[in-house]
Each structure stands twice: as C-alpha cells, then as structure tokens.
Number of protein chains: 2
Amino acid sequence: MDLNRKQMSIIQYKSYDRLLVAVDCIIFGFDGTELKALMIKRGFDPEMGKWSLMGGFVNQMESVDDAASRVLNQLTGLSSIYMEQLHCFGDVKRDPGGRVVSVAYFALIKIDDYNEALMQEHNAKWFPLKKIPAMVFDHKQMMRLAQERLQQKVAQHPIGFALLPDKFTLQQLQGLYEAIYERQMDKRNFTRKILAFNILNKLNEKEKESSKKGAFYYVFDKKKYERMDKEGLKFL
Amino acid sequence: MDLNRKQMSIIQYKSYDRLLVAVDCIIFGFDGTELKALMIKRGFDPEMGKWSLMGGFVNQMESVDDAASRVLNQLTGLSSIYMEQLHCFGDVKRDPGGRVVSVAYFALIKIDDYNEALMQEHNAKWFPLKKIPAMVFDHKQMMRLAQERLQQKVAQHPIGFALLPDKFTLQQLQGLYEAIYERQMDKRNFTRKILAFNILNKLNEKEKESSKKGAFYYVFDKKKYERMDKEGLKFL
DNA sequence: GCAAAAGTGTTTTGTCTACACCCATGA
DNA sequence: TCATGGGTGTAGACAAAACACTTTTGC
C-alpha cells in the first residue's frame, strides 16, 4: 500500500459517522406595530401539517451559511437578507425522523418585501411573537433564543434598520425598538440618543400619511455606521 | 408498498447528503497573570504536527454538546467543565481532509486542574493569547471569536470564577478581569463594583504568599449568583 | 524601621431619566 | 379654528471615574 497523506486522512475520516445537517431560519418582520415571525406549514413527514420554521438540508457542496441563504431565498425570493447564525442544535432525538443536527439562523426582512407566490406555495404565515403557535421539534426553543439574541444584538448594533423600509420616520424607528424591547420609550430621550450615534441622514421629504404636519424621513447611513460599529455602541 | 409516516420520512431524509460533524474546543486558563489557551499538536493527517484546537467527531448516538464534553474530558480528565457553544463553522473547504462541519465551543478551566499524563499524551501546551502560533484550518478564527465572546460574556455574567481556584483574593480576581479586557482597572472601583453584586463570600482566611499583610480569600456564592443572573448584571 | 502589598472614601464628571409645551398642517 | 401627531430642552438622580493615604507585618 502506498498512500500519500491526503489519502490517508480521507481514509481515516471515513470511519466516523456522517450526520444529516440542516438549517432552520427564524425570520423576523415588523409591520409598523408588532414584531412578527414567518413560519410555514410543514409539507412533509414527520409532523406534516404542523407549524415549523423554514428549513432545509445542507448539501455536500455548499457551506452552511450558503444553505441558510438558499433556504431564505426559497421562501422569500430575496437575496442579501440580513442573517446571522444563532446556535447549533444537536440533540440526538431532536428530530424523530432521524439524526439531524440543525444550525439555526435568524434573519431580518422588510415585511412587505417578499414574493407572494413563493410564500403561498410554502403555506407561510406571519405570527406576532406574542402568539406563536405550537411548533415542531425544538423550533419553539429556537424561536425564544432568537428573540433574546435579537434584543441583545440590537442593543449594541443598529441592525434594526433591516426591518424597516429604506426611509423611515423617527417614530417608526422608535416603534420598532419598543416592539423589540417590549416597552414604551420616551420620545425625546429616544430621539436624542439615536441621533447622537450619527448614523442617520435626514431627508428633505416628509411622510404625510399618519399626521397632518408630516414627519421627516431618515435613511440609515451605512458608512457612518461601519466606522462606528467597530467600537461597538450601546443603545440600552 | 405500505409504509407508515415514520418510515416515509426516513426514506425521504435518506436522499440528503450526510456530513462529518466535528467539535473543536477553545480552552481558556488563567495563570494569575495571563490568559492562556490550551492547544495540541495534531497527531494525524492532514496537517499532522501543526498546532490545533482539541477536537473530535460527533458520533451518531451522542449529542453535539456531549461530544464537546467528551473531547474536553479526553484532554483534561475533567468533567463538568464550564463550556458554551461558540459558533458552527461550515465552509465547504475548511478542512482539506474532507467535508467537515465543525461546532466550536469555548471552555473555562482552572489552569492547574488537569491530568498531566493526558496532556502529555496529546502534546498539549498552554499559549498566552498574545502569542498564539499558526494553527490548522480555521482554528485561529475560532480562537479570535472565542476571545471576543469571552469578553462580552464576562461583562454580563461572572463566569470568570471558572478560571480561578475555588478561593481567591480580590486582587487575583481583578488580575483576571484585567487580563480578559486587556486594560488596567482601579483597585477601589473594582472592589466596590464586584462586592456590590453580592455574589462573593469573604473567608476568615488569608493568602500570605504574595504579601506580608496577607489578603483575604473570597469564594464565589453560586446561589446568590443564580438569583441575580436571571436579570443579567452588567460589569462593564 | 522599612519595604510591599492590602484595604478603604470622597469628589467630580458624565449619563440616564423624567417630564410638558409649542408647532405645523389638513380638514 | 381645532384636532392631530411632530418636534424640542432642562433639571435632578444616579452611576462611573479619578484620585492618595493608612494599615499590617515579615524581614
């Protein structure tokens, strides 16, 4: 036998167990009032017909992150979604259909920004976080963890913009923060704080739907943010 | 064909790729002055002889967490180590020996608390965080992420005790925090802050090695801590 | 008695919180 | 002209940071 080292190692690795690796995505959206999560009716067994996170298996030739992007795209039609790895769930019996290790991701999308046809195809539905139904496997646990993580994350990084339209008013932004932290905030304090970060640009344009006076739109300034993000800001 | 749903689902899952799943552990220790990480000389190909994190493959019949515990135990001889999942690394080509998804964990141990024979067997060595050598695959990236996470975590949860002996002086504790955050702290402010959390018990016993006067030992009070931890404290 | 680390309070500074009124506009 | 949400400033409370001297004791 005349094996080189690379061949050796492949042979060596061969003796270990191979497992199914899945990704599951907690997809958050904000409708202006409430935080919601997107869930689908599971279309195959086990647990067919029950509510579930959108998920899929990782292919041999794709990275785990790519698998998550693919799954998000399959459901929403969107690419370049804000997405972050949450946790790897690896209990032996978490999925009664087999030994599946699942890597959970959470994603933030603009709630009106999706492909209606794809959503219907998957029987997808938005649920307010307060009214999450029973879910398959350990998906509820994933959900809870995602919500905690979102709170922590938003306290230090203004990723919340990913949940809002490109231009938004300060009140809409405050509404989002109130939804995430589940508490009321003072308008003046909020305004002062968020403007102090100097990551918003005020437009010369007003939103006139919800008031007679109209509220100025702001946009998120990505460059200013990146400069600032490295040091880590703290909102809460 | 007359398959029930469970059988169906297993068949369905069968068509997906199965991957090798590994765990890798970043093991932190504190020698009284410096924060260190424990690394091993890799004993098999690929990359045999290079520095590496301690790792291993996840077996079919064990959870990912259990695999990490097992790996930690193999190297240190210790069980019930403080351990936390860090991140799942899933790039296709991260390991040249094959398609391996690795779940990284970080662990905190008392640096004198290990089995010397096991350590030698694995060619393990402590490296100061400032002087980490080149490492195989993406292990350096894991290392960096672990260090960041440790900082964040310790700011909100006093897990640092896991790195110290059961009884320790306030100066030792401060030294640990200074090592983690890589900056000097004021003795008076530190003492006031840490005692205010009310999670330490003062012993009637002094450490007399490092000074003539001697410094009182303290112990960590787990019960008080757990009561407090739920709300989340903030040290920094 | 002196060297070496332990232990201990106060002042200043800055940040967070609570709070209320005028403004612009469309109907 | 009035009803509606938009926009703005200040004072008090609290927390963080800066700062230096006395104590103990082994040598």
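By convention in this document, chain letters (A, B, ...) are assigned in the order of the sequence lines, proteins followed by strands, and residues within each chain are numbered from 1. Only this structure's heavy atoms are used, side chains among them; waters, hydrogens and symmetry mates stay out.
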*In whole angstrom, what separates R183(A)'s CZ from dT17(C)'s C1'?*
11 Å

*How would you label the contact of T169(B) with the nucleic acid (heavy atoms, under 4.0 Å): base, sugar-phosphate, or nothing?*
nothing

*Nearest-Å distance for atom pair CZ/C1', residues F190(A) and dC16(C)*: 15 Å

*What does T191(A) touch in the nucleic acid at a heavy-atom separation under 4.0 angstrom: a base, only the sugar-phosphate, or nothing?*
nothing

Side-chain donor-acceptor distances from residues 117-136 of chain B under 3.5 Å, at least two apart:
{"from": "Q120(B)", "atom 1": "NE2", "to": "E116(B)", "atom 2": "OE2", "distance (Å)": "3.3"}
{"from": "H122(B)", "atom 1": "ND1", "to": "L118(B)", "atom 2": "O", "distance (Å)": "2.9"}
{"from": "K130(B)", "atom 1": "NZ", "to": "E182(B)", "atom 2": "OE2", "distance (Å)": "2.6"}

*Is the distance between the ring centroids of F168(B) and Y217(B) less than 6.0 Å?*
no

*On the 0 to 90° scale, with breaks at 30° and 60°, tag the F106(B)-F28(B) ring pair as parallel, tilted or perpendicular.*
perpendicular

_d(CG, L203(B); P, dA6(C)) in whole Å_ = 16 Å

_Measure CD/Q174(A) against C1'/dG7(D) and give the value in whole Å, please._
12 Å

*Closest approach of K110(B) and P165(B), non-hydrogen atoms and distance?*
CD-CA, 4.2 Å

*asked:* Without decimals, in angstroms, what is the distance between E209(A) CD and dG26(C) P?
replied: 13 Å

Under 3.5 Å donor-acceptor pairs involving side-chain atoms of residues 198-205 of chain A, not counting sequence neighbours:
{"from": "N201(A)", "atom 1": "OD1", "to": "K224(A)", "atom 2": "NZ", "distance (Å)": "2.9"}
{"from": "N201(A)", "atom 1": "ND2", "to": "D221(A)", "atom 2": "OD2", "distance (Å)": "2.9"}
{"from": "E205(A)", "atom 1": "OE1", "to": "K167(A)", "atom 2": "NZ", "distance (Å)": "3.1"}
{"from": "E205(A)", "atom 1": "OE2", "to": "K167(A)", "atom 2": "NZ", "distance (Å)": "2.6"}

*Could you run through nucleotides 19-27 of chain D and give me one letter per nucleotide, 5' to 3': B if any protein heavy atom sits under 4.0 Å from the base, S if only the sugar-phosphate is that close, - if neither?*
BB--BBBB-

*Between dA18(C) atom C1' and M185(A) atom CE, what is the distance in whole Å?*
15 Å

*Could you give the NZ-to-C1' distance, from K193(A) to dG9(D), as a whole number of Å?*
17 Å

*To the nearest angstrom, how far is Q184(A) atom CD from dC19(C) atom C1'?*
16 Å

*Flag the pair T191(B) / R188(B) as yes when at least one side-chain heavy-atom distance between them is below 4.5 Å, and no otherwise.*
no

